[in-house]
**Q** 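Sharing a structure, written as structure tokens. Questions coming.
Values reported hereafter were calculated over all heavy atoms of this structure, with side chains retained and with hydrogens, waters and symmetry mates removed. Counting starts at 1 for both ligands and their atoms, following the listed order.
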Amino acid sequence: MLFFDIPATKAGSTQTILMYGHRDKQPEFNGWRSDLGPWTPKYENGKLYGRGGADDGYAVYASVAAVQALKAQGKPHPRIVGLIETCEESGSYDLLPYVDALRDRLGDVSLVICLDSGAGNYDQLWLTTSLRGMASGTLKVQILTEGVHSGDASGLVPSSFRIMRQVLDRLEDSKTGRLLPASFHCEIPSDRLEQAKATAAIPGDEVYKRFPWAHYDCGGSTAFALPTTTDPVEALVNRTGRRRCP
Ligand SMILES: [Zn+2]
């Protein structure tokens with residue numbers, strides 16, 4: 001846990017602003033562009049490429065840069081503290097004990113700024129108002145008690161994969177990705193929809209075009225993957241407010 005404490009410059013201010021972020025990162029994985037890599041940070045067109053630069057290596061720098069921007073403009077600010085944890089990608093199981101241990105040093109927190117979300121572009125400041133939650137589980141299908149030779153069993157012993165597909169089809173329309181039980185859905189509040197419309201107008205088509213869609217050349221023509229929708233508002237709502245299986 002990295003903790004920082006910036007004294008107030010605003011007279012009479014008693015409350016604290018808490019900046020939260022994390023420094024642990026996902027494994028580096030593969031699939032990096034050939035001239036980029038997780039361990040060879042590269043600065044290109046104003047962007048830094050390297051492992052965890054976005055999630056969530058930027059948090060501590062963004063919070064310090066924000067405070068420096070206030071200072072550069074001579075704007076007074078309340079006391080600001082930062083909690084930059086190292087366990088977020090593993091479930092933040094050690095965050096609350098740290099919050100307890102630091103409780104006295106946190107002070108009277110009146111605003112928490114969570115520096116761990118997305119930005120639609122780099123031209124303006126973005127604030128996240130809605131995120132999907134997640135329910136996860138382990139699905140097990142058992143049809144035999146031990147492994148047998150496929151040539152002996154297939155055709156007679158039902159395929160566990162086929163059974164699993166049927167079970168998943170109760171939950172999700174496999175053609176569209178829509179979750180079937182009504183209890184997974186709620187009406188999206190109208191003000192949120194209005195916000196989505198205004199927000200989607202900024203990136204426009206970029207809301208789906210920014211993903212690295214697969215494409216293959218097949219004898220003169222190109223076959224390419226498509227998103228679930230090309231309407232920017234639908235696209236934005238699909239990836240934030242509407243319940244889906246990933
Ligand atoms: Zn993160």
Side-chain angles (χ1 to χ4, degrees), residues 1-6 16-33 36-69 80-103 105-106 109 111-138 192 195-196 199-200 202-203 206-212 227 235-246:
M1 174 67 74
L2 175 71
F3 178 78
F4 61 78
D5 185 342
I6 304 167
T16 299
I17 293 176
L18 168 63
M19 305 255 203
Y20 162 84
H22 69 91
R23 294 187 290 147
D24 56 318
K25 304 157 195 351
Q26 288 281 318
E28 73 277 19
F29 300 114
N30 49 30
W32 289 77
R33 211 173 74 193
L36 299 173
W39 318 115
T40 49
K42 190 174 174 182
Y43 194 62
E44 186 183 289
N45 296 329
K47 290 178 188 165
L48 178 65
Y49 293 84
R51 179 184 177 229
D55 185 13
D56 194 25
Y58 82 97
V60 66
Y61 298 100
S63 38
V64 170
V67 176
Q68 290 294 1
I80 299 166
V81 296
L83 284 183
I84 311 292
E85 64 150 320
T86 51
C87 183
E88 196 270 350
E89 302 292 2
S90 312
S92 292
Y93 53 81
D94 65 359
L95 179 60
L96 289 182
Y98 274 114
V99 169
D100 279 338
L102 289 163
R103 191 168 296 270
R105 292 166 73 185
L106 293 178
V109 175
L111 175 69
V112 177
I113 298 175
C114 179
L115 295 136
D116 190 14
S117 191
N121 59 29
Y122 293 95
D123 303 325
Q124 61 217 98
L125 191 65
W126 290 80
L127 188 68
T128 297
T129 56
S130 165
L131 278 177
R132 281 172 297 191
M134 185 183 76
S136 67
T138 305
R192 282 281 182 259
Q195 289 167 5
T199 307
I202 299 168
E206 271 305 300
V207 75
Y208 62 84
K209 282 188 174 163
R210 65 194 183 86
F211 292 105
L236 196 65
V237 171
N238 274 2
R239 60 179 285 274
T240 51
R242 207 164 270 150
R243 273 60 171 170
R244 285 181 168 269
C245 274

**Q** Examine all N, O or S atoms of E88, backbone included, and report whether one is under 2.8 Å from the Zn ion (ligand 1).
**A**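 Given the 2.8 Å cut-off, E88 does not count as a ligand of the Zn ion (ligand 1).
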
**Q** Considering non-hydrogen atoms only, spot the tightest contact between E88 and D116 and give its length.
**A**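 Result for this residue pair: OE2-OD2, 3.5 Å.
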
**Q** Listing request: all salt bridge (charged side-chain N to carboxylate O under 4.0 Å, His left out) pairs with a residue in residues 22-33, at least two apart in sequence or in separate chains.
**A**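 Only R33-D35, R33-E44 qualify under salt bridge (charged side-chain N to carboxylate O under 4.0 Å, His left out).
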
**Q** Hey, what's the angle at the Zn ion (ligand 1) spanning OD1 (D55) and NE2 (H22), nearest 10 degrees?
**A**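 My answer is 90°, to the nearest 10°.
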
**Q** So does D56 have any N/O/S atom less than 2.8 Å away from the Zn ion (ligand 1)?
**A**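 It does not; every qualifying atom lies at 2.8 Å or beyond.
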
**Q** Between the side chain of R105 and the main-chain N/O of F4, is any donor-acceptor distance below 3.5 Å?
**A**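 Such a contact is absent between R105 side chain and F4 backbone.
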
**Q** Can you give me the closest heavy-atom contact between W126 and G118, atom names plus distance?
**A**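 So the two residues come closest at CB-O, 4.2 Å.
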
